[in-house]
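Below: the structure, in structure tokens.
On a predicted model such as this, the values are computed, not experimentally measured, just so you know. Side-chain atoms are counted along with the backbone in the values below, which use heavy atoms only and exclude waters and symmetry mates. Numbered from 1 within each chain, the chains take letters A, B, ... in sequence-line order.
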Amino acid sequence: MSDVTLSGVSRWYGNVVAVNDVTMTLGPGVTGLLGPNGAGKTTVLHMMAGFLAPSRGTVTIDGEPTWRNPSVYRRLGLVSEREAVHDFLTAKEFLLVSARLHRLPDPEAAAQRALELVEMTSAQDRRIGTYSKGMRQRTRVAAALVHDPQVLLLDEPFNGMDPRQRLHMMELLHRLGTAGRTILFSSHILEEVEQVSGTVQVIVAGRLAASGDYRAIRRLMSNRPHVFAIHSTDDRRLAVALMGQASVTGVEIERTGLTVRAGDYGSFTRALPKIALAEGIRVRQLLPSDESLESVFSYLVEA
Amino acid sequence: MVPQTIAWITARGLFGRRRFLLLIPLPLLVVGLAVLSRAFGVAPENWAQPVLVGLGLAVVLPVIALIVGTGVLGSEIDDGTIVHILTKPLPRWQIVLPKLVVATAVTTVTVSISLYVAGVLAHSVRLGLGLALAGLVGSLAYSALFLALSLVTRRPVLLGLVYVLVWEGLLGNFVSGTRVLSIQQYVLTIADKVAPTGLLQSKVSLPVAIIMSAVFAVGFTLLAIDRLRSFSVAGETS
């Protein structure tokens, strides 16, 4: 059982603040690091993995700093986002190299075990250069697991995987988490996170925006006000009818149509067709206008 | 087992890349010119200096060392595979030293054989051995320099070329003080003192050559180890 702790961690590049005063503790189990692209997820992961010095604050694994301290790699495995692998090696050779560099007592057995874990034994004697993206990814995960680390960090591990491989990887992470390993993976896709992990750390613009059980965060996200653009045969009459709805918090009438703000996504989208039908109005267009992940995240930051 | 593994993967990476082929023509050129000069009966006084020093020690040795020295670590940094080596619980000197050994060995073998052959053709076996030994010392000093360069700059090849062409090649001819910091001059001196033939003109003393070669080799190796300890991977926002 290992803990990864960030306390008061900031990281800046010149004038640009990439990570701003983040404090978090990761314990055993699977944690998702969620945030839009460019939010600072990779920077956080790199600091945890000892590949970047925090400009301020400390990053430790079981109390030991990760920066300039190679001995943490006894307990830590990293799957970085960059998919570079030594293309000229076979998966078997690559795993053997990893096992030997970890000074494992039986490198052959450790390599074999890790390859079995990611189901890469059938292709293990082919050069990595000939692999698909998903196979490379699994090989890299195997290499990160060869020494059976207590902590596993993965940067966007599901990128480039097909649905079956994705499912398999999710099961693997889940299994490792249940076995008491501390797993952190980053993603910008909410659905990925909720399928694998019970806890999430949401990071937006370098700040920790939310942290804890994903269901609570999910609720926060679905209860936020939603904005829809509506165009119908009679906008004004529809606006009057919509204002009578409890789920609607505001309506604007513009020349191009209506902009409707709804407090609850579900009840508004259920109510709209009924109202239109009752009033005899035909809805020509209904567009949710702020469904981008960034707007969801920025709402979380404000909340 | 760790040093062998690092050396093995380094050598595989080096020979697996296409730029390895760049190592072949230059030494052949040295041998070819020596053979031709000999075959046409040109007096060694007329061709030894330009072929052995002008081409061999001043161009072939540093250029090969540059290709190999920046290849053993720099190319792994470029393509990101270095992360796989660094996420191991190894003191960083255990990564740097095997790589330095591979770079020095490959450079020495490539350069010293051609220098030896050309030296024998120009004068004697003794000159050949002197040049081969000089090739070994030069390979070590240049490799340490270029290996460290690949950790301190993102453009190690460019900076290495500036050192070889501008510092050693250009300034070395006009500003005598720069010779004290020129691997080329140390190498020339070592070859000349081992085999005093009159064909090579050394400009620094032997103690300076030996001590400064050691300073280059040890100093840049220590620098490389320290820089590798603080190796950073740039984040997405950088």
Side-chain angles (χ1 to χ4, degrees), chain A residues 11-14 16-19 37-47 49-53 67-89 93-94 96-103 107 127 129 140 143-144 146-147 149 153 155 205-206, chain B residues 1-21 71-99 102 151 154 222-238:
Chain A
R11 168 74 209 196
W12 49 82
Y13 300 93
V16 182
V17 178
V19 171
N37 287 324
K41 302 188 296 288
T42 301
T43 306
V44 167
L45 270 167
H46 281 161
M47 286 193 284
F51 278 104
L52 204 56
W67 178 240
R68 275 176 84 97
N69 183 13
S71 66
V72 296
Y73 299 119
R74 265 187 263 279
R75 267 170 293 168
L76 177 81
L78 170 71
V79 182
S80 59
E81 191 185 8
R82 239 178 125 179
E83 57 168 320
V85 200
H86 295 86
D87 280 347
F88 46 87
L89 301 179
E93 288 172 329
F94 182 57
L96 262 178
V97 165
S98 298
R100 289 203 178 112
L101 294 182
H102 272 292
R103 300 182 200 278
R127 280 180 53 242
R140 292 176 340 111
V146 74
H147 57 305
L153 307 174
D155 199 358
Chain B
M1 200 158 62
V2 166
Q4 289 96 311
T5 308
I6 299 266
W8 178 76
I9 199 166
T10 303
R12 285 282 304 259
L14 202 57
F15 297 128
R17 289 188 170 89
R18 200 159 285 165
R19 72 173 176 180
F20 168 63
L21 296 174
V72 291
L73 191 62
S75 49
E76 286 186 351
I77 293 172
D78 282 347
D79 65 17
T81 52
I82 189 70
V83 169
H84 295 294
I85 309 285
L86 291 178
T87 46
K88 304 293 182 287
L90 304 171
R92 292 336 188 191
W93 63 267
Q94 290 188 2
I95 296 171
V96 171
L97 288 189
K99 286 184 176 292
V102 169
L151 281 162
R154 289 190 179 189
L222 291 178
L223 177 67
I225 293 168
D226 185 65
R227 297 300 302 200
L228 197 61
R229 260 185 213 132
S230 312
F231 185 82
S232 298
V233 179
E236 60 203 325
T237 34
S238 68

- Item | Side-chain donor or acceptor of B:Arg12 paired with backbone N/O of A:Leu89 under 3.5 Å | no
- Item | Spatial distance of atom OG (B:Ser232) from atom CE (A:Met47) [nearest 0.5 Å] | 11.0 Å
- So which part of A:Trp67 gets closer than 4.5 Å to some heavy atom of chain B, the side chain, the backbone, both or neither? side chain
- Okay, B:Leu86 and chain A: the region with an atom under 4.5 Å from a heavy atom over there is both
- Would A:Arg68 and B:Asp226 pass as an ion pair if we require N to O under 4.0 Å? yes
- Side chains of A:Leu78 and B:Val83: closer than 4.5 Å at any heavy-atom pair? yes
- Task: For residues B:Met1 and A:Pro107, determine if any side-chain heavy atom of one lies less than 4.5 Å from a side-chain heavy atom of the other.
- Result: yes
- Message: Can you tell me which portion of B:Glu76 sits under 4.5 Å from chain A's heavy atoms? Options are side chain, backbone, both or neither.
- Response: side chain
- Query: Considering only heavy atoms from C-beta outward, does the side chain of B:Trp8 approach that of A:Arg100 to under 4.5 Å?
  - Reply: no
- Query: If you count heavy-atom pairs under 4.5 Å with chain A, which of B:Ile95, B:Thr5, B:Thr87 comes out on top?
  - Reply: B:Thr87
- Message: Under a 3.5 Å distance rule, please check whether B:His84 uses its side chain to pair with a backbone N or O of A:Ala84 as donor and acceptor.
- Response: yes
- Item | A:Ser98 versus chain B, the contacting section by heavy-atom distance below 4.5 Å | both
- Query: What is the distance from atom CZ of A:Arg82 to atom CG of B:Asp79, rounded to the nearest 0.5 Å?
  - Reply: 7.0 Å
- Message: I'd like to know whether CZ of B:Arg92 has more than 12 heavy-atom contacts from other residues, nucleotides or ligands below 6.0 angstrom.
- Response: yes
- Working to the nearest 0.5 Å, report the span between CZ of A:Phe88 and OG1 of B:Thr81. 7.0 Å
- Worked check of side chain to side chain contact (heavy atoms under 4.5 Å, CB included) between B:Leu90 and A:Arg103: CA-CA 9 Å; B:Leu90 304 171; A:Arg103 300 182 200 278; 3.9 Å; yes
- Query: Are side-chain heavy atoms of A:Pro70 and B:Lys88 found at a separation under 4.5 Å?
  - Reply: no
- How far apart are the closest heavy atoms of B:Pro89 and A:Ser71, and which atoms are they? CB-CA, 4.3 Å
- Mind running side chain to side chain contact (heavy atoms under 4.5 Å, CB included) on B:Val233 and A:Leu52 for me, showing each step along the way? CA-CA 6 Å; B:Val233 179; A:Leu52 204 56; over 6 Å; no
